Amino acid sequence: MNLKQIYKYGSPPNYFKLSLKAENWFVIPGILLIIVGCLGGLFIAPPDYQMGDAFRIIYFHVPSAYLSMSAYAYMAGAALVGIVWRSNVAFSVAKSIAPFGASLTFLAIVTGMLWGKPMWGTAWVWDARLTSQFILLLLYLGYILLHLSIREQRKADLAASILALTGVINLPIIHYSVIWWNTLHQASTISKLSSPSITGDMLWPLLVMIFGYGFFFWGVICRIAASEILKREKRSKWAKEYIKELE
Amino acid sequence: MNIYQQLFLRDLKVSIKRWSDLLTGIIMFALVAFIFPLIAGSDQDFMHRIIGPVILLSSLLASLISMQNIFKPDLNNGSLEQLVLSTHSLSGLVFIKILSYWISSSLPLVVVSSLIASAYYVTGIDIAKVMLTVLLATTTLVNINSLAAALTLGVRYPGALMTLILFPLSLPILIFGSKAIEYSILGMDISGPFYFLTGMMLLSFSLGPIATAFAIRISID
Amino acid sequence: MDIFSMGDYGFFVWSSFLISFIVFLINYISAQRMFTSVLNEVKLHDENE
């Protein structure tokens, strides 16, 4: 594989054009997959033996939770690339991921509450997974707030990237600390909340939704990252040429 | 006397001169721990159950209140910039700064925690275990505080940001620290939490100064 | 309607669907609007040069 082909997308104009072209290749399959997943999950999959129709919330809850965590990992990865290679493109991608990642975390928490209330009578439990999602939300918000608070863009990039990296190291530690703390207290809550084993007709809509969420997510990120890069490079020649081409 | 020794002694002298800043942290620590029994009830079992979380929470709040005193005064009088511009390793200099800050701000907390522990009906060797927990936990907290302070050096109103950064990062220390105290009082084996706290201390003192130095460089130029 | 009651859990299931839909819609639309506002910003900057 020719590495030069990849390196050229490190330069802002190339990445900008690639993002805009790629956007609909992600958004449209994403929307289709989500529609198929919703139909499968809400209508085709049979009601669960234990939980009845309420288990269908899993089709919204699990993809959001999974994507919120992997998005944070991508953000930290982009932050690392930005610091090491001083890449504006990488910093733009990292900055773009944060708001959508935070929304996904919010969705995971809310759908989790909507699932917990009818199922186990309580909207919130202090177990490792819920606490980690909440901490993740705080980490995202801290990242966004740091970007907003520091006026100079280069400083904001670097400072927020450090936060993202310390967060990504800390998240597993926090998760396992809470698990450890919980196993000493009650095992019952954990077994109550363990995911039921899931097969066949119930499984495929879940996988479809996970992929659908992922594709749609990256489509939106393409658009936001492109805006961010254009904003940073508004004084450059390629930006001016791009504007002229539009007219 | 090399630069590190000089910086260390200078920082200690300066923090003694600014004793009122130190006192803010100590008073916050003592008062928060003091308020709990007054408003939450003071029977012995209950106090034994809450002393772990109370002590860790008081340390967290005390460190939050005095966070800006780590670097802001030196930024304002120009000495921080001199350190950055010097040819010495900034990570090493920051390590010394954090160490002296820990000595001046957290060692008094260790002493005060012994008083608080006896006020919470803790007896004998358990008081020493409480003091040891505070000693270990504050080392990591001081490093996390320095990182948060360095990241927000350039921000004008860093209040919400500092709390938002501090809270998730310090959560493991709070969890294991209060567990350590709880185990000490129950007479159980405390080695698990203590190994964790020691491990985090070593991790934070080795990586913390590097990250903090990087953050200072970003915020200053 | 069986679809909407979802065996008495209708409120919870459909709320989850609705809020996920709304959040996705908000993110998508704000991305599009951010792009057009940046375009306008660059155009203005261009004209002021």
Side-chain angles (χ1 to χ4, degrees), chain A residues 20 23 27 30-31 34 38 41-43 47 51-61 63-64 96 99-100 103-104 106-108 110-119 209 213 216-217 219-235 239-240 242-244 246-247, chain C:
Chain A
L20 289 183
E23 182 199 0
V27 170
I31 295 183
I34 291 179
C38 282
L42 292 172
F43 304 115
M51 291 195 271
D53 279 309
F55 90 102
R56 298 186 194 279
I57 300 182
I58 208 180
Y59 295 110
F60 304 105
H61 175 70
S64 332
S96 315
F100 205 154
S103 335
L104 286 166
F106 167 77
L107 275 182
V110 169
T111 52
M113 288 188 191
L114 287 169
W115 195 10
K117 196 71 183 42
M119 283 290 92
M209 284 295 261
Y213 269 47
F216 185 82
F217 169 80
V220 173
I221 297 302
C222 279
R223 177 64 64 162
I224 305 181
S227 321
E228 186 61 38
I229 289 179
L230 188 59
K231 186 158 44 159
R232 289 170 186 223
E233 304 253 323
K234 63 184 173 195
R235 290 195 190 86
K240 299 194 172 110
Y242 179 74
I243 298 292
K244 290 211 172 48
L246 284 184
E247 291 164 7
Chain C
M1 278 252 282
D2 191 38
I3 303 175
F4 285 104
S5 69
M6 289 276 172
D8 291 335
Y9 295 123
F11 168 73
F12 299 98
V13 177
W14 287 109
S15 309
S16 308
F17 171 77
L18 204 61
I19 193 157
S20 307
F21 180 74
I22 290 176
V23 168
F24 271 50
L25 195 67
I26 292 177
N27 272 292
Y28 183 76
I29 292 181
S30 76
Q32 303 294 328
R33 292 181 61 170
M34 185 194 262
F35 188 74
T36 46
S37 81
V38 170
L39 274 184
N40 290 334
E41 194 185 319
V42 180
K43 276 191 199 147
L44 277 173
H45 183 90
D46 219 14
E47 282 157 26
N48 286 337
E49 288 272 280

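Chain letters run A, B, ... following the sequence lines, proteins first and then strands; every chain starts at 1. All of these numbers come straight from a predicted model, not from anything done at the bench.
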Rounded to the nearest 0.5 Å, what's the gap from CD1 on C/I19 to OG on A/S103? Could you check?
-> 10.5 Å

Taking all atoms of both residues into account, what is the closest heavy-atom pair of A/L107 and C/S20, and its distance?
-> CD2-CA, 3.7 Å

Taking all atoms of both residues into account, what is the closest heavy-atom pair of A/V220 and C/N27, and its distance?
-> CG1-O, 4.0 Å

Gap separating the NE2 atom of C/H45 from the NZ atom of A/K240, nearest 0.5 angstrom | 6.0 Å

Side chain, backbone, both or neither: which part of A/C38 has a heavy atom under 4.5 Å from chain C?
-> side chain

Aromatic contact, A/F100 with C/Y28 (centres under 6.0 Å) | no

Test of ring centre spacing under 6.0 Å for C/F17 and A/Y59 = no

Chain A contact via C/I26 - which portion, at a heavy-atom distance below 4.5 Å | neither

Least distance between heavy atoms, A/I243 atom then C/K43 atom = CG2-CG, 3.6 Å

Contacts of type side-chain contact (heavy atoms from CB on, under 4.5 Å), residue A/A226, not counting sequence neighbours | A/F16, A/S19, A/L20, C/F35

Under 4.5 Å, counting heavy-atom pairs only, tell me which of A/Y213, A/F217, A/F106, A/F60 racks up the most with chain C.
-> A/F60

A/K234 and C/V42 have their tightest heavy-atom pair at CB-CG2, 3.8 Å

With sequence neighbours left out, the residues meeting side chain to side chain donor-acceptor pair (under 3.5 Å) with A/E233 are A/W238

Against chain C, work out which of A/V27, A/I221, A/I57 has the most heavy-atom pairs shorter than 4.5 Å and name it.
-> A/I57

For A/S227 and C/M34, the nearest pair of non-hydrogen atoms, with its separation, is CB-SD, 3.9 Å

Pair count under 4.5 Å, heavy atoms only, with chain C: among A/L104, A/I34, A/T111, A/L114, highest is A/L114

